[in-house]
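Note that ligands are numbered from 1 as they come in the structure, with each ligand's atoms numbered from 1 the same way. Atom set for the values below is all heavy atoms of this structure, side chains included, hydrogens, waters and symmetry mates excluded. We're numbering straight along the sequence, starting at 1.
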Amino acid sequence: MKRIFSGIQPTGEIHLGNYVGAIRNWVYLMEEYDCVFCVVDYHAITVEYPVQEFKKRIIETALILLACGLSPEKANIMVQSHVQEHTELAWIFNSVTPIGEVERMTQFKDKSKQHRSNINMGLMGYPVLQAADILLYKAGYVPVGEDQVQHIELSREIARKFNSRFGAIFPEPQPILSGAPKILGVDGESKMSKTLNNYIGIMEEESAVWEKLRTAVTDVNRVRRKDPGNPEICNIYTIHRAFSENDTLLTIDHGCRSADIGCIDCKKMLFENVRAELNPIREKAFALQKDTDYIIDVLKQGASACSKIAKETMAEVRNVLGLLIP
Ligand code: TRP
């Protein structure tokens with residue numbers, strides 16, 4: 001069976017962007033592929049983070065994956081640091097990765113701007129560790145949001161460089177894009193993100209979700225209620241595309257362009273659909289919160305299955321590197 005790997009950072013809160021761009025797609029893919037879904041804690045330490053809260057965030061992230069519908073019977077769900085070969089392979093990949101390639105990564109440039117006082121080696125090596133995550137399991141497919149495609153391309157290059165220097169061990173992984181539209185934050189300007197505080201968290205109270213939607217930026221040229229709007233440049237319409245059926249989309253498209261529907265009406269319809277999709281997830285999450293032992297068990301089971309694969313790959317890697325096997 002074809003193997004998939006994907007990862008998510010334990011940033012503490014999972015938002016609509018993560019859900020639509022990645023997790024929702026993982027739930028479908030899990031039915032057809034051999035999947036590893038990973039909470040990438042070692043990626044998260046490349047920027048400042050609250051150490052005291054880290055454990056909680058890791059568990060919470062796994063919990064949300066389960067609440068969204070990932071099943072430990074159908075996929076391996078694990079924590080990156082539980083399988084130590086991830087970092088071991090990353091070190092080896094450091095030696096085949098040109099510095100120029102990592103320096104030109106958009107995410108590295110962005111994060112270097114956001115964290116000027118802490119531009120560390122981990123931040124730069126971030127996509128190298130990501131390549132190790134994927135290739136440790138020889139995964140050929142990586143379902144991610146569009147912003148990660150550049151990193152997957154680098155993973156391909158790392159695989160190619162390794163293979164040509166040491167022997168053909170690794171596949172060249174391809175991204176799988178969800179096909180869902182790219183959701184911006186409620187500012188209607190930047191990608192939805194925790195750091196920019198423009199996000200709608202999937203665990204947020206209904207009232208908070210509505211408040212964020214109510215005040216979210218729409219088509220900025222539509223100033224008065226009677227002004228016709230343009231759905232093509234409206235982020236609320238984009239979010240509708242991820243949550244609403246085609247007939248609703250058509251109604252809104254026409255209503256917005258003819259000013260028959262105001263932004264608030266449009267947002268109310270969106271809120272209903274978001275709520276309908278998120279409510280069962282939140283309910284499941286609340287139930288799981290009472291059963292942390294179960295989550296720990298799922299992660300143990302995931303790590304144990306993944307360790308087996310990781311050990312096999314690393315045996316091959318050590319062999320082709322010409323290391324002395326103890
Ligand atoms: N960099 C990814 C993100 O920020 C997370 C990630 C880490 C990942 N390792 C991965 C995604 C491997 C796919 C495959 O979303």
Q) Relative to the heavy atoms of Val144, which atoms of ligand 1 are at a distance of less than 4.0 Å? A) 11 (C), 13 (C)
Q. Side chains of Phe271 and Arg214: does their closest heavy-atom pair fall under 4.5 Å?
A. no
Q: Give yes or no for whether the N/O distance cutoff of 3.5 Å, strictly under, is met between Tyr126 and ligand 1.
A: yes
Q: Measure the distance from atom 10 (C) of ligand 1 to every protein heavy atom, then report the residue, atom name and distance (to 0.1 Å) of the closest one.
A: Gln130 CG, 3.3 Å
(Q) Counting the benzene-type ring for Trp, do Tyr42 and His82 have ring centres under 6.0 Å apart? (A) no
Q. How far is atom 9 (N) of ligand 1 from its nearest protein heavy atom, and which residue and atom name does that atom have?
A. Asp133 OD2, 2.7 Å
Q. Which atoms of ligand 1 are found less than 4.0 Å from any heavy atom of Ile134?
A. 12 (C), 14 (C)
Q) For Asn279 and Glu206, does a side-chain donor sit closer than 3.5 Å to a side-chain acceptor? A) yes
Q: May I ask you to list the atoms of ligand 1 that are less than 4.0 angstrom from any heavy atom of His43?
A: 7 (C), 9 (N)
Q. Identify the closest protein heavy atom to atom 14 (C) of ligand 1: which residue and atom is it, and at what distance?
A. Val142 CG1, 3.5 Å
Q | Minimum-distance pair of heavy atoms, taken over all atoms of Val83 and Ala310 | A | CG1-CB, 3.7 Å
Q) Just how far is it from atom CE of Met314 to atom CD of Gln84, taken to the nearest 0.5 Å? A) 12.0 Å
Q. For atom 5 (C) of ligand 1, which protein heavy atom lies nearest, and how many Å away is it?
A. Gly7 O, 3.6 Å
**Q.** Element-labelled atoms of ligand 1 that are located less than 4.0 Å from some non-hydrogen atom of Val40
**A.** 7 (C), 9 (N)
Q) What about Leu70 and Leu16, same hydrophobic cluster or not, with Ile/Leu/Val/Met/Phe/Trp/Tyr joined at side-chain heavy-atom distances under 4.5 Å? A) yes
Q. Between Gln80 and Asp133, is any side-chain donor less than 3.5 angstrom from a side-chain acceptor?
A. yes
Q) Taking distance alone, with no angle check, do His151 and ligand 1 share an N/O pair under 3.5 Å? A) no
